[in-house]
Amino acid sequence: MSFNPRVTASVRGGVHARLDTPLGTVRADLTPRRTAAPLDTVPQKAAHRILSNHRYHVAIDGLEQAAFSEVSGLQIETETMDFIEGGVNDRVLRLPVRSKVGNLTLKRGVVAGQKLLEWHLNIVQGYMDVRNVTIIVYETSGTVLVRFELLQAYPVKWSGPQFTGNGDAVAVETLELAHAGFLQVSQ
């Protein structure tokens, strides 16, 4: 009785091994073989639409003139809860619990008019003055790349400029906004 198994194995990349001898020796065929269609290597159009951090506009409902030199704080953070499953000792499951958005910080050079400070003073006096804030990011060609809509925003912190007698820097005021969340609307 002779032992003659015929086993053929194929490994990704085109290497084929064949086990067909009684002693179990392996012969490998290293010639590459095409097993699947090649991947499409044409760059996608979206890969060329780079988000530039210097071409943007901020619009706040009810404020006509507000140009901001810096916008930061567009973030969503999801808290997790560790779940230890009985009998599973090699890992701990991490499940999402709740998500929260961070405050948006707007900085600008001080200009005539105190609309941002007046908006915050309304909140301080107990008048809930919520407004929608839109951040529009442009491509270098001027077309809209992405739009962020912040819902029900209101100021929670206002910082006035620092004044120094020997400085020549631009006086900057900072406004921090809490909001109910934001939508990203792509164009």
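Model, not experiment: these values are computed from the prediction.
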[X] versus [Y]: any side-chain heavy-atom pair under 4.5 Å?
X	Y	answer
L183	L151	yes
M128	V130	yes
Y138	V144	yes
Y127	L121	no
L177	W119	yes
N132	L150	no

Open item on the list: Less than 3.5 Å apart, any donor N or O on the side chain of S99 or T78 sitting next to an acceptor on the other?
Closed with: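 Note: S99 and T78 side chains meet the donor-acceptor criterion.
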
Task: Verdict with reasoning, E70 to L106, per side-chain contact (heavy atoms from CB on, under 4.5 Å) - done: CA-CA 6 Å; E70 185 178 326; L106 305 172; over 6 Å; no

Distance from [X] atom [atom1] to [Y] atom [atom2], nearest 0.5 Å?
X	Y	atom1	atom2	answer
L104	Q75	CG	CD	10.0 Å
L93	D82	CG	CG	9.0 Å
F148	T134	CZ	OG1	11.5 Å
L145	E139	CG	CD	5.0 Å

Open item on the list: Is there a continuous path of hydrophobic side-chain contacts, each under 4.5 Å between heavy atoms, that joins L117 to I60?
Closed with: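 Yes, L117 connects to I60 through the hydrophobic network.
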
Open item on the list: Could you see if I76 belongs to whatever hydrophobic cluster contains L74? Use Ile, Leu, Val, Met, Phe, Trp, Tyr and a side-chain cutoff under 4.5 Å.
Closed with: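 Cluster IDs for I76 and L74 match.
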
TODO: Begin with the C-alpha distance, continue with both residues' side-chain angles, and end with the deciding distance and a verdict on side-chain contact (heavy atoms from CB on, under 4.5 Å) for Y154 and V133.
DONE: CA-CA 9 Å; Y154 58 93; V133 177; over 6 Å; no

- [ ] Quick one: do S69 and R108 satisfy side chain to side chain donor-acceptor pair (under 3.5 Å)? Show the steps, please.
- [x] CA-CA 5 Å; S69 62; R108 74 172 183 149; over 6 Å; no

TODO: Please test I135 against V71 for side-chain contact (heavy atoms from CB on, under 4.5 Å), starting from the C-alpha separation and ending with a verdict.
DONE: CA-CA 9 Å; I135 302 169; V71 178; 3.8 Å; yes

Open item on the list: Out of the candidates E176, H120, E173, only one should pair with W158 under the side chain to side chain donor-acceptor pair (under 3.5 Å) rule; please name it.
Closed with: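 Passing option: E173.
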
